[in-house]
J.: 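Starting off with a structure, shown below.
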2 protein chains.
Amino acid sequence: MSFIPLLPGSLSGPPAERSDAARNRERLLGAARELIAECGADALTMDRLAERAGVGKGTAFRRFGSRAGLMMTLLSDSEAAFQARFMFGPPPLGPGAPGLERLIAFGAARIAYVMVHGDLVRAAESTAHGRYEVPAALLWQRHIEFLLREAGMDADPFLMAMSLSATLDPDRLLHAVRVQGVAPERLTESWRELVTRVVSGR
Amino acid sequence: MSFIPLLPGSLSGPPAERSDAARNRERLLGAARELIAECGADALTMDRLAERAGVGKGTAFRRFGSRAGLMMTLLSDSEAAFQARFMFGPPPLGPGAPGLERLIAFGAARIAYVMVHGDLVRAAESTAHGRYEVPAALLWQRHIEFLLREAGMDADPFLMAMSLSATLDPDRLLHAVRVQGVAPERLTESWRELVTRVVSGR
DNA sequence: ATATTAATCGGACTGCGGTCCGTTTAGTCC
DNA sequence: GGACTAAACGGACCGCAGTCCGATTAATAT
């Protein structure tokens with residue numbers, strides 16, 4: 001008679017990670033955080049990362065798939081927290097407030113988020129095939145679409161959500177602030193104007 | 001006594017191009033058009049281009065600066081024509097119609113333009129430093145800003161123009177059509193809704 | 001024609017993201 | 001402990017955009 005193994009396998013997760021793989025992942029994440037703290041996210045190359053972590057280059061790619069995948073992993077904590085805030089948190093960001101107010105709050109929060117995690121977000125989205133397939137971006141867009149419907153917008157909420165997402169594109173936001181010298185509060189205010197007009201439009 | 005040379009120099013242009021340089025530029029442009037016709041713009045690499053043109057790689061870069069520069073050169077004719085249409089052409093695209101109608105027409109024309117020259121436009125904008133510094137994109141954004149003012153928009157026309165430009169971003173438009181299967185007419189209609197609400201807003 | 005000079009030429013070179021594949025090793029079963 | 005296997009390892013390798021610099025050549029002055 002044999003007992004059913006409790007931990008690895010069977011409980012429908014990834015079939016457990018080998019110890020050396022786990023160790024190397026931690027090494028790589030640590031090295032990545034070090035390098036970013038020292039030289040910024042833009043200067044992080046996969047070669048340097050592997051060298052710093054004392055690991056082969058192939059290992060770095062097998063763990064994270066790509067440079068963008070690594071960046072997403074580094075962001076995942078703060079990103080999950082952000083998602084939790086607008087999906088389950090207190091109003092006006094979370095449920096409980098009218099759609100328009102939630103939209104305004106969402107844009108403001110996203111702008112603030114991008115101002116903090118800018119380079120990381122940009123690096124995470126700069127994947128060759130499909131900048132718009134990034135799960136987080138899709139979720140945000142669907143959230144905007146939902147809020148638009150909630151606020152009574154009837155004209156093609158799907159494409160309207162796409163347009164509004166484009167406005168919140170990290171690349172554009174960072175360019176406006178860092179190159180054109182636009183104050184973040186001005187971005188927030190403009191977003192408020194935009195969604196107000198779109199929702200209560202015509 | 002010596003006459004002032006008529007052609008090269010003096011008349012404040014680029015100091016004339018050497019004959020071999022001109023010949024190589026034509027060769028490169030021809031080869032580029034061939035390769036794009038055969039395999040599409042995405043498959044055009046600077047190595048293949050130089051090889052096909054029977055020219056060194058360095059020459060290709062000196063002539064056009066970068067891959068994006070080459071693409072811009074290839075587009076310059078149709079782009080100039082497009083600019084002429086909305087700056088000097090007949091209404092509603094050109095001057096003579098109310099601001100809002102010109103805005104609507106502009107978006108429609110730009111969407112149509114991107115549907116035709118899609119890959120080339122995308123390749124021309126995918127320059128490492130500054131996707132938003134591309135002269136044509138700047139001109140479009142300023143044109144939108146001007147039309148917004150014309151239509152009586154008072155709330156931060158600069159940033160509103162930026163948002164609307166983001167909606168017309170070639171990358172996003174092509175993704176919507178080619179990956180998500182959105183019909184171009186639907187994009188045009190959504191643009192009409194968007195600018196109408198933004199202009200006559202609140 | 002010859003000399004001068006400055007622009008052009010071409011291909012070797014760099015750094016990058018990403019892939020491949022022969023080798024090593026962790027976990028398991030006896 | 002020893003044999004087995006599937007996974008992980010690592011670094012050589014690829015294609016790419018872009019740079020560099022010694023060799024070449026077109027235009028000009030003599």
Side-chain angles (χ1 to χ4, degrees), chain A residues 2-10 14-28 31-32 35 39 41-72 122-131, chain B residues 1-10 14-28 31-32 35 39 41-72 123-131:
Chain A
S2 69
F3 289 96
I4 295 170
L6 277 188
L7 250 232
S10 74
E17 194 173 44
R18 242 170 65 171
S19 63
D20 52 349
R23 172 174 47 84
N24 281 337
R25 169 156 76 229
E26 292 315 310
R27 275 197 202 170
L28 283 163
L35 287 173
C39 319
D42 292 343
L44 184 148
T45 73
M46 296 303 268
D47 284 284
R48 265 199 275 274
L49 173 66
E51 187 195 2
R52 173 71 69 107
V55 142
K57 190 180 181 180
T59 301
F61 277 94
R62 196 168 335 90
R63 279 288 87 77
F64 302 106
S66 66
R67 202 183 103 106
L70 168 70
M71 299 299 186
M72 287 200 292
R122 193 203 301 166
E125 288 191 359
S126 76
T127 168
H129 272 294
R131 244 170 82 207
Chain B
M1 179 190 267
S2 68
F3 290 95
I4 295 170
L6 276 189
L7 250 233
S10 74
E17 194 171 47
R18 243 169 65 168
S19 63
D20 51 350
R23 172 175 46 84
N24 281 337
R25 170 156 75 232
E26 292 315 310
R27 274 195 202 172
L28 283 162
L35 286 173
C39 318
D42 292 342
L44 185 147
T45 73
M46 297 302 269
D47 284 285
R48 265 199 274 275
L49 173 67
E51 186 193 6
R52 173 70 72 107
V55 143
K57 190 182 182 178
T59 302
F61 276 94
R62 195 166 340 88
R63 279 286 88 77
F64 303 106
S66 66
R67 200 182 105 106
L70 167 70
M71 299 299 185
M72 287 201 292
E125 288 191 359
S126 75
T127 170
H129 271 295
R131 245 170 83 206

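Just so it is clear: chains get the letters A, B, ... in the order the sequence lines come, proteins before strands, and each one is counted from 1. As the structure is a prediction and not an experimental result, all values here were calculated from the model.
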J.: Donor-acceptor check, side chain of R67(A) to backbone of L44(A), threshold 3.5 angstrom: yes or no?
T.: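 Yes, R67(A) side chain to L44(A) backbone: donor-acceptor pair under 3.5 Å.
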J.: In whole angstrom, what separates L49(B)'s CG from dA17(D)'s P?
T.: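 So the two atoms are 10 Å apart, to the nearest Å.
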J.: Can you tell me how far the CD atom of E51(B) sits from the OG1 atom of T45(B), to the nearest 0.5 Å?
T.: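 Taking CD in E51(B) and OG1 in T45(B), the distance rounds to 8.5 Å.
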J.: Respond yes when some side-chain nitrogen or oxygen of R48(A) is under 4.0 Å from OP1 or OP2 of dG15(C), and no when none is.
T.: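 R48(A) to dG15(C) OP1/OP2: no side-chain N or O under 4.0 Å.
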J.: Relative to the 5' end of DNA chain C, which residue comes earlier, L44(A) or A22(B), by the nucleotide with the nearest heavy atom?
T.: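 This one resolves to A22(B).
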J.: When all nucleic acid strands are considered with a 4.0 Å heavy-atom cut-off, which category describes R25(B): base, sugar-phosphate, or nothing?
T.: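 No contact.
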J.: Looking at every heavy atom in both A60(A) and V55(A), which two are closest together, and how far apart are they?
T.: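 Scanning both residues, the minimum pair turns out to be N-CG1, 4.4 Å.
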J.: Whole Å only: how far is the CD atom of E51(A) from the C1' atom of dG17(C)?
T.: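 Spelled out: CD on E51(A) to C1' on dG17(C) is 17 Å.
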J.: Can you name the nearest heavy-atom pair linking R52(B) to A31(B), along with the distance?
T.: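 Shortest heavy-atom separation between R52(B) and A31(B) comes out as CG-CB, 3.5 Å.
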J.: Whether R18(B) contacts dA27(D) is assessed here as follows: a side-chain N or O lying under 4.0 Å from the phosphate OP1 or OP2. Is that the case?
T.: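 Checking dA27(D) against R18(B), no side-chain N or O comes under 4.0 Å of OP1 or OP2.
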J.: To the nearest angstrom, how far is F61(B) atom CZ from dT14(C) atom P?
T.: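 F61(B) atom CZ is separated from dT14(C) atom P by 17 Å.
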J.: Can you tell me the distance, in whole Å, between the CE atom of M46(B) and the P atom of dG18(D)?
T.: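 Nearest whole value for this atom pair: 7 Å.
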J.: Contact class for R23(B) vs. all strands (heavy atom < 4.0 Å): base, sugar-phosphate, or nothing?
T.: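 Nothing: the residue R23(B), judged by heavy atoms under 4.0 Å, touches no strand.
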J.: Of the non-hydrogen atoms in L28(B) and A53(B), which two are nearest, and what is the gap between them?
T.: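 In this case the closest contact between L28(B) and A53(B) is CD2-CB, 3.7 Å.
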J.: Over how many whole Å does the gap from E17(A) atom CD to dT25(C) atom P extend?
T.: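 Distance, rounded to whole Å: 18 Å.
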J.: Between dA26(C), dA27(D), dT8(C), which nucleotide has the shortest distance from any of its atoms to the side chain of D20(A)?
T.: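 Selected nucleotide: dA26(C).
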J.: Test R63(A) against E17(A) for side chain to side chain contact (heavy atoms under 4.5 Å, CB included), laying out the working first.
T.: CA-CA 11 Å; R63(A) 279 288 87 77; E17(A) 194 173 44; 3.8 Å; yes
J.: So, is T45(B) close to the dG15(D) phosphate, meaning a side-chain N or O under 4.0 Å from OP1 or OP2?
T.: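 For dG15(D), neither OP1 nor OP2 has a side-chain N or O of T45(B) closer than 4.0 Å.
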J.: Minimum heavy-atom separation for T127(A) and A68(A), please, with both atom names.
T.: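 Closest approach of T127(A) to A68(A), heavy atoms only: CB-CB, 4.0 Å.
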J.: Between C1' on dA8(D) and CZ on F64(A), what's the gap in Å once rounded to a whole number?
T.: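 That distance rounds to 14 Å.
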J.: Name the pairs: protein N/O against N/O of nucleotides 10-13 of chain D, kept only if under 3.5 Å.
T.:
residue : atom : partner : partner atom : Å
dG10(D) : OP2  : G56(A)  : N            : 3.1
dG10(D) : OP2  : T59(A)  : OG1          : 3.2
dG11(D) : O6   : G58(A)  : N            : 3.4

J.: Quick one: the dot-bracket string of DNA chain C, using Watson-Crick and G-U wobble pairs with both distances under 3.5 Å, [ ] for crossing pairs and | for bases paired to another strand.
T.: ||||||||||||||||||||||||||||||
J.: Please give, in whole Å, the distance from dG18(C) C1' to R63(A) CZ?
T.: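 About 16 Å, once rounded to whole Å.
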J.: Among M71(A), M72(A), R25(A), exactly one meets side chain to side chain contact (heavy atoms under 4.5 Å, CB included) together with F64(A). Which residue is that?
T.: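 Between F64(A) and the candidates, side chain to side chain contact (heavy atoms under 4.5 Å, CB included) is satisfied uniquely by R25(A).
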